[in-house]
Amino acid sequence: MSDEPATNASDASSNATKMKRGPRWLAVAAVASLVLHSLDYLLGLVIWLPFYSGLFGYLLAGLIAGGTAFRLARTLRPVTRSRIILFSILMATANAPFALYWEYHHVAEGVAGLAGFRKLRARAARDNTPIKEVNDRINDEFRSQLASLYPPGRMLGYARWCIASGEMVIEVGDASDTVFTDHQGWVWLVRSIIAYVLSILGLVFSFDGLRSMQPISNVLAPGEEYEELDD
């Protein structure tokens, strides 16, 4: 009978701890997501670097986001490896649409810069027509064709287009050019999956220190014993 109050007190303390951990996990998720979203703009640019070297940007983004959120997550230790992996997968999955959007955005906004449309820009300059109007007209034509040929258009249509061909002829007035991506077909799909996996790995590596009950450090505390290695 005497052990029952102690057991109830222990259960109450455990429940209180779990209630505190919930909001903390939400705060960690919010910080990690915010950092990832802020880096997506750059990832949409570096993904086209030669030899697929831009993929390492996704690993770095995961490391940066996880490292930033780790400061909030320290009080949650110890955390099992499976929970770290699950949390990282959720964060990377939630970020994937944003990463795809910025990749699509950069491609769509770059159509007007193709060489085939130079005479439209030159004509606009001669006629004192704002260049932005011409660029918007060209870029809108690309978006219109995406929506027509690969519904629903926008970033989902962009993904379908990259997998299907990755090339499209755009005609505006008497000017035309071909829009194409360096990664097409199954290459684009595999590259996108690898980028997703690398972002997960970056997050997992950053949060791996949460598995230990105590902070991990390679610096000895004052008075701590050390072992000398023989040469």
Side-chain angles (χ1 to χ4, degrees), residues 29-69 88-117 131-132 134-170 177-206:
V31 171
S33 297
L34 182 62
V35 175
L36 283 174
H37 297 343
S38 65
L39 294 173
D40 285 335
Y41 180 90
L42 293 176
L43 293 177
L45 293 172
V46 303
I47 191 61
W48 305 110
L49 290 177
F51 308 111
Y52 304 100
S53 56
L55 286 171
F56 291 103
Y58 286 81
L59 177 64
L60 183 60
L63 290 170
I64 294 174
T68 304
S88 300
I89 291 174
L90 291 175
M91 289 296 94
T93 302
N95 183 65
F98 295 90
L100 177 60
Y101 167 78
W102 283 114
E103 180 183 330
Y104 151 73
H105 171 82
H106 292 315
V107 172
E109 289 297 309
V111 175
L114 295 175
F117 300 113
I131 299 297
K132 185 178 184 303
V134 178
N135 291 341
D136 289 345
R137 182 180 165 199
I138 298 169
N139 295 336
D140 288 345
E141 178 61 24
F142 171 72
R143 294 187 175 94
S144 177
Q145 287 205 39
L146 267 186
S148 176
L149 299 175
Y150 303 95
R154 296 185 178 273
M155 64 182 188
L156 294 181
Y158 167 79
R160 292 187 58 198
W161 169 64
C162 287
I163 296 173
S165 67
E167 293 188 11
M168 183 184 296
V169 176
I170 303 297
D177 208 329
T178 301
V179 183
F180 67 92
T181 62
D182 293 333
H183 310 154
Q184 302 173 354
W186 65 268
V187 173
W188 183 88
L189 182 60
V190 172
R191 180 269 282 170
S192 299
I193 294 174
I194 293 174
Y196 169 71
V197 172
L198 286 175
S199 62
I200 293 175
L201 289 177
L203 289 165
V204 170
F205 292 155
S206 294

Would you indicate whether R154, at its atom CZ, is surrounded by more than 12 heavy atoms from other residues, nucleotides or ligands within a distance under 6.0 Å?
->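 Incorrect, the count does not exceed 12.
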Has F98 got more than 12 heavy atoms of other residues, nucleotides or ligands less than 6.0 Å from its CZ?
->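 No, CZ of F98 has 12 or fewer neighbouring heavy atoms, counting only those of other groups under 6.0 Å.
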Of D40, V107, L42, I47, which is the lone residue that meets side-chain contact (heavy atoms from CB on, under 4.5 Å) with W102?
->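 Considering D40, V107, L42, I47, a side-chain contact (heavy atoms from CB on, under 4.5 Å) with W102 is found only for D40.
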Sort out for me which residue in I170, I138, L146 forms a side-chain contact (heavy atoms from CB on, under 4.5 Å) with V179.
->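 Per the side-chain contact (heavy atoms from CB on, under 4.5 Å) rule, the option paired with V179 is I170, out of I170, I138, L146.
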Return yes if some donor-acceptor pair links the side-chain N/O of S53 with the main-chain N/O of P50 below 3.5 Å, else return no.
->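 Side chain of S53 to backbone of P50, a donor-acceptor pair under 3.5 Å: yes, one is there.
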Are the side chain of N95 and the backbone of M91 linked by a donor-acceptor contact shorter than 3.5 Å?
->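 Absent.
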Are the side chains of [Y] and [X] in contact, using a 4.5 Å heavy-atom criterion?
{"X": "C162", "Y": "Y104", "result": "no"}
{"X": "T93", "Y": "Y196", "result": "yes"}
{"X": "L49", "Y": "F56", "result": "no"}
{"X": "V46", "Y": "L43", "result": "yes"}
{"X": "Y58", "Y": "L39", "result": "no"}

Among Y52, W188, W161, find the residue that satisfies the ring-ring contact (aromatic ring centres under 6.0 Å, His included) test when tested with H183.
->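 The ring-ring contact (aromatic ring centres under 6.0 Å, His included) with H183 is passed solely by Y52 among Y52, W188, W161.
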To the nearest 0.5 Å, what is the distance between CD1 (I89) and CG (L203)?
->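 Separation between the atoms: 10.5 Å.
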For the pair R143 and D140, find out whether any cationic side-chain nitrogen is under 4.0 Å from an anionic carboxylate oxygen.
->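 A salt bridge links R143 with D140.
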Any idea how Y41 and H106 line up, ring-wise: parallel (<30°), tilted (30 to 60°), or perpendicular (>60°)?
->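 Perpendicular, since the angle between the ring planes exceeds 60°.
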Over all atoms of both residues, closest heavy-atom pair of A195 and L55 =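 Scanning both residues, the minimum pair turns out to be CB-CD2, 3.7 Å.
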Provide the closest heavy-atom pair for A92 versus S199 in the form atom of the first, atom of the second, distance.
->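 Closest heavy-atom pair between A92 and S199: CB-OG, 3.5 Å.
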How far apart are the C-alpha atoms of V134 and F117, what are their side-chain angles, what is the distance that settles it, and do they pass the side-chain contact (heavy atoms from CB on, under 4.5 Å) test?
-> CA-CA 9 Å; V134 178; F117 300 113; over 6 Å; no
